Amino acid sequence: MYDHKSIEQKWQKLWAERRSYEVVEEDEIPRKNRRYVLDMFPYPSAAGLHVGHPEGYTATDIYSRYLRMRGYHVLHPMGWDSFGLPAENYAIKEGVHPRESTWKNIETFRRQIQDIGFSYDWSREINTASPEYYRWTQWFFLFFYKRNLAYRKKAPVNWCVSCQTVLAREQVVQGRCERCKSEVIQKELEQWFFKITEYADRLLQGLDTIDWPESIKLMQRNWIGKSEGVNITYTIDGTDKTVTVFTTRPDTNFGATFITVAPDSSFVKECFTLFPEQANVAKYVESALRKTELERMAEGRVKTGVFTGWYAINQLNGKRMPVYISDFVFSTVGTGAVVGVPGHDLRDFEFAQTLNLEIIRVVVGEDGDISSITRAEQVQEEKGVMINSGFLDGLEINRAKDQITKYIEENGWGKRVTNYKLRDWLISRQRYWGAPIPIIYCDSCGEAPVPEESLPVLLPDDVDFLPTGESPLVRSKSFHKVLCPKCGRASRRESDTLDTFVCSSWYLYRYTDPKNTSEFASKKKMAYWLPVDLYVGGAEHAVMHLLYARFFCKALYDAKYITFDEPFTKLINQGLIIGEDGQKMSKSRGNVINPDDVVSEYGADCLRMYEMFMGPFEDAKPWSTQGINGIRRFLEKVYILFPKSNHESFHGQISKFQRLEQLLHKTIKKVTEDIESFKFNTAISQMMIFINEFQKQKDDLDTVHYKLFTTNFLLLLAPFAPHIAEELWSRTGHTASIFKTNWPLYKEEFIKDETITVVVQINGKARGEVNIARDADQSFVLSEARSNERVAKFLAGKEVKREVYVKGKIVNFVVA
RNA sequence: GCCAGAGUGGUGAAAUCGGCAAACACGCACGACUCAAAAUCGUGUGCCUUACGGCUUGCGGGUUCAAUUCCCGCCUCUGGCACCA
């Protein structure tokens, strides 16, 4: 039994004393030899570390330690994303100040993380809730404000009834709060926004330049939701008014039979008093406006609408199209008005059905159907050939789209436009535990930014946190003792705080220069370390955090603070670790594994290796308390196989361990390649294969070879199980840390086999195998194959119709 | 509904520019050591079959000398989006 506790404590203490993992920008180390390996920093919850945390941290730690052994200068920091609602809610429940509980949680997290032996540079630790940090978060707000990328407006916003605050669009999941799953309603409020939409196209373009999982890129693309179409303007018959619709399907415009506008659209507001059907319209609009956007979007609602009394003229064919108002059309999408083509759009079809509107077929059905469209199944949306469409007849829809778009533009009836689903980022929160928004309101001067030199705007302590729907800061007495920076008169501060995603959008820069008091980070240090070479974390941040951080990066690039505009060159998502029962780990299910218990019982090295051995890094994997025993046995075996003192003699014949030497080189190759591609599970399997073989042969080895094998193996093991590797390394007479030693290199000539095994198949079924020289010619291999005893038995009395030989791999005889 | 990703032994999984399916590990069984147990070591372990052999990568087709891998259709699960015009 190896004593993991004393070994692990010993080395963790030594690494800390020697400050082994602290790095600085060194002029003599060129930029190409530096790497920045980053974990998504944790939210220090009261529950403490979860086994999911060390999964990602172990992977980046293995990778960082490996890179150092390959001679790289590695920045690998850790910090705390410590502002946010859960801390505040916890504080309310427990009757403590969120600062107190958060600081305590950080202590726990730090201790737990340090117990696992990660090679973080702790001198760079950051905490987003500390004034030294949030001072710069506030600076970023001013940065956006000055660049005209932050603005305040009154808008319908999403409001969580339980958290009692507004949420970003990204934080509303299926009409519910992403955090607490409570109902989200809509409110009209004056709020601060970041103009992320200005970067929509660049956020889309940039995805093509980065090495991220395709699934994440796709999610971001969908979220940005670029759609290219045409804004077509129709005149209203008998008036001087026009209505402009946005459509991505101008090709079906010969099939247009009505126009629908959103009840809250500018068109309705402008023309309200002019509609001939005034009374009906007023009634419908009033009831529609009482519903929230979320209610209007509720699934399965029967579409309703009201006729305005107006007709729009379709210039293409002179058709008079009735203009309706309906709440299935949203003012926030496109122009807030759509042209109804009920034959080829399911929503338009449903609307036409309930209101008994005309339906015209303009695309031939997939099965050649050209009958009139009366059933939803006949509504063909995405492919086909045009019909009943004048000059477009016979064209495939995409060609028709090109032609008619040109035609519409040439006639001045409309023009090409691009729309995005992405909305501006709502950053105000009506809660306490966040960075105050650095704005001052003066009765005479209006809104003014807090001067940079007055930052930070400190969070006051004379506050009652109980959520009332109003920011707790509103009722602080000390907080609002402020003078207008313009006229000097007594003013009030903005009392909302910033969304915590603002804090986490720029932390990667701060790590390069965490103590800087005059800038968020110096340009020189950012230029040296950034961008982040490898970023690892959970896929739950696919859209929000990762999109916001990319937006910040592009804004900084435009302001010439940095020379790159994508913050994370490579991204890898870790898979979820689920409970032994196959369910997601949660307190209520009682299936939570506490890493502290695992470290205490099995050791940090064992926890690290087990988490890596469980399965592919990016897949979800269930925890197995029995499975971890296998890793413990492996470490135990390694510990016993290595001599405690460095002088023991061995006797043996060279020929006996040639195969072991070959296996060593294969192992070096496999482990090296697997670390680089984050396939830690198979790297560990390979190490086990080596150790199993080594165990069988070790008594026959001479001292020189014994040392060769153990030394090289320990180097491979070191990034995975750093404590035991350091310990055994020091016991074999080394005084320097194993991590100061170069990573072993394999030699291709040791790996190549002189003789190879070729499988012999008959009709595709393996029936035997032959050993041949690597470069044996085909006729020789075939004759060897035929003379194989078992093969010959199967071939006896049968006619071989065909012989296949794939060099060095396989022989296949095809028989009748 | 739409878009991704995944389905392989009792379990976690391995092998996919087509070439011996199940490496490595867990578990289980038997054996050694032990008074005994644990630990450790050894042997075995996809399914059917006494054996010869046959069958097997969610289901059904196809291409190929050869398919877990490629193509077509379906089923299930996970994640994301959801009246975006």
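Model, not experiment: these values are computed from the prediction. Residue numbers start from 1 in every chain, and the chains themselves are labelled A, B, ... in the order their sequence lines are given, proteins ahead of strands.
Exactly one residue among A:Phe680, A:Phe720, A:Trp623, A:Phe634 makes a ring-ring contact (aromatic ring centres under 6.0 Å, His included) with A:Tyr610. That residue is A:Trp623.
One atom, CD of A:Gln574, and another, P of B:U78, lie 21 Å apart when rounded to the nearest Å. Protein atom NZ of A:Lys666 is 16 Å distant from nucleotide atom C1' of B:C24, rounded to whole Å. In this entry the distance linking CD of A:Glu580 with C1' of B:C26 reads 12 Å, nearest Å. When the C1' atom of B:A25 is taken as reference, atom OH of A:Tyr602 falls 14 Å away, rounded to whole Å. In this structure, CZ of A:Phe351 is placed 18 Å from P of B:A85, rounded to the nearest angstrom. Computed from coordinates, the A:Met544 CE to B:G80 C1' distance equals 12 Å when rounded to whole Å.
Using a 4.0 Å heavy-atom distance criterion, A:Phe613 is classed as a base contact. Among the heavy atoms of the strands lying under 4.0 Å from A:Phe330 is at least one base atom, whether or not backbone atoms are also near. A:Ala337 comes within contact range of no nucleotide atom at all, as no heavy-atom separation falls under 4.0 Å. Across all strands, A:Arg633 comes closer than 4.0 Å only to sugar-phosphate atoms, never to a base (heavy-atom distances). Residue A:Gln761 is in base contact, counting any heavy-atom pair closer than 4.0 Å across all strands shown. Contacts of A:Ser624 with the nucleic acid, taken as non-hydrogen atoms under 4.0 Å apart, are absent. Note on A:Arg767: only backbone sugar-phosphate atoms sit closer than 4.0 angstrom, heavy atoms only; bases stay farther off. Looking at heavy-atom distances under 4.0 Å, A:Asn681 makes contact with sugar-phosphate atoms alone, never a base. Residue contacts for A:Lys696: at a heavy-atom cut-off of 4.0 Å it reaches no nucleic acid atom on any strand shown. No engagement by A:Val543 is indicated, since no non-hydrogen atom pair under 4.0 Å with the nucleic acid exists. Using a 4.0 Å heavy-atom cutoff across all strands shown, A:Glu214 reaches no nucleic acid atom at all. In this structure, A:Asn692 reaches the sugar-phosphate backbone alone: every heavy-atom distance under 4.0 Å involves primed, P, OP1 or OP2 atoms, never a base. Among the heavy atoms of the strands lying under 4.0 Å from A:Val806 is at least one base atom, whether or not backbone atoms are also near.
Side-chain contact of A:Thr197 with A:Asp424: a donor-acceptor pair under 3.5 Å is present, judged by distance alone. Side-chain contact of A:Thr244 with A:Thr233: a donor-acceptor pair under 3.5 Å is present, judged by distance alone. Side-chain contact, A:Tyr284 with A:Thr304: a donor N or O sits under 3.5 Å from an acceptor N or O.
Between A:Asp327 and A:Lys765, the residue anchored closer to the 5' end of RNA chain B is A:Lys765, taking for each the nucleotide with the nearest heavy atom. Across the interface with RNA chain B, nearest-nucleotide mapping of A:Arg423 and A:Ser215 shows A:Ser215 to be the residue nearer the 5′ end.
Pairing of B:G42, defined by two Watson-Crick or G-U wobble distances under 3.5 Å, is identified with B:C30. Under the Watson-Crick and G-U wobble criteria, each requiring two contacts below 3.5 Å, nucleotide B:G18 is left unpaired. For B:U78, the paired nucleotide is B:A4, the pair qualifying as Watson-Crick or G-U wobble because both relevant distances are below 3.5 Å. In this structure, B:A51 makes no Watson-Crick or G-U wobble pair, since no nucleotide meets both defining distances under 3.5 angstrom. Remark: B:U64 base-pairs with no nucleotide in the shown strands. Criterion, Watson-Crick or G-U wobble with two distances under 3.5 Å. Remark: B:A85 base-pairs with no nucleotide in the shown strands. Criterion, Watson-Crick or G-U wobble with two distances under 3.5 Å. In a base pair of the Watson-Crick type (N1 to N3 plus N6-O4 or O6-N4) or a G-U wobble (N1-O2 and O6-N3), with each distance short of 3.5 Å, B:G9 is matched with no nucleotide. Pairing of B:C59, defined by two Watson-Crick or G-U wobble distances under 3.5 Å, is identified with B:G73.
Here, B:A29 and B:G10 have their C1' atoms 13 Å apart, quoted to the whole Å. For the C1' atoms, the distance linking B:G27 with B:G73 amounts to 39 Å, nearest Å. Comparing B:A15 with B:U8, their C1' atoms sit 10 Å apart, to the nearest whole Å. If you take atom P in B:A39 and the same atom in B:C30, they sit 15 Å apart, rounded to whole Å. Across B:C47 and B:U11, the matching P atoms stand 11 Å from one another, rounded to whole Å. The gap from the C1' atom of B:C81 to that of B:A13 amounts to 32 Å, rounded to the nearest Å. The same atom, C1', is picked in B:G18 and in B:U57; the two are 15 Å apart, to the nearest Å. The gap from the P atom of B:C71 to that of B:G7 amounts to 15 Å, rounded to the nearest Å.
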| request: May I have the step-by-step check of side-chain hydrogen bond (donor to acceptor under 3.5 Å, both in side chains) for A:Ser227 and A:Asn419, ending in yes or no? | output: CA-CA 5 Å; A:Ser227 70; A:Asn419 278 325; 5.1 Å; no
| task | I would like to know whether A:Asp251 and A:Arg249 meet salt bridge (Lys or Arg N to Asp or Glu O under 4.0 Å); could you show each step before the answer? | result | CA-CA 5 Å; A:Asp251 48 301; A:Arg249 294 296 305 278; 2.8 Å; yes
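For B:A85, the OP1/OP2 oxygens have no side-chain nitrogen or oxygen of A:Arg347 closer than 4.0 Å. Taking only side-chain nitrogens and oxygens, A:Lys637 never comes nearer than 4.0 Å to OP1 or OP2 of B:C24. A:Thr757 has no side-chain polar atom (N or O) that falls below the 4.0 Å cut-off from OP1 or OP2 of B:C20.
Set against B:G19, B:A85, B:G53, the side chain of A:Ile810 has B:G19 as its closest nucleotide. Comparing B:A85, B:A15, B:C3 against the side chain of A:Thr247 picks out B:A85 as the nearest. Side-chain atoms of A:Lys793 lie closest to B:G53 of the nucleotides B:G53, B:A85, B:C81.
Looking at A:Lys303, its side chain comes within 3.5 Å of the base of B:C83 through a donor and an acceptor atom.
Under the 90° criterion around 0 for the glycosidic angle, B:G54 counts as anti.
When all heavy atoms of A:Ala256 and A:Asn314 are compared, the closest pair comes out as CB-ND2, 4.1 Å. Between A:Ile408 and A:Pro250, the shortest heavy-atom distance links the atoms CD1-CB, 4.3 Å.
Two rings, from A:Tyr324 and A:Phe351, have their centers less than 6.0 Å apart.
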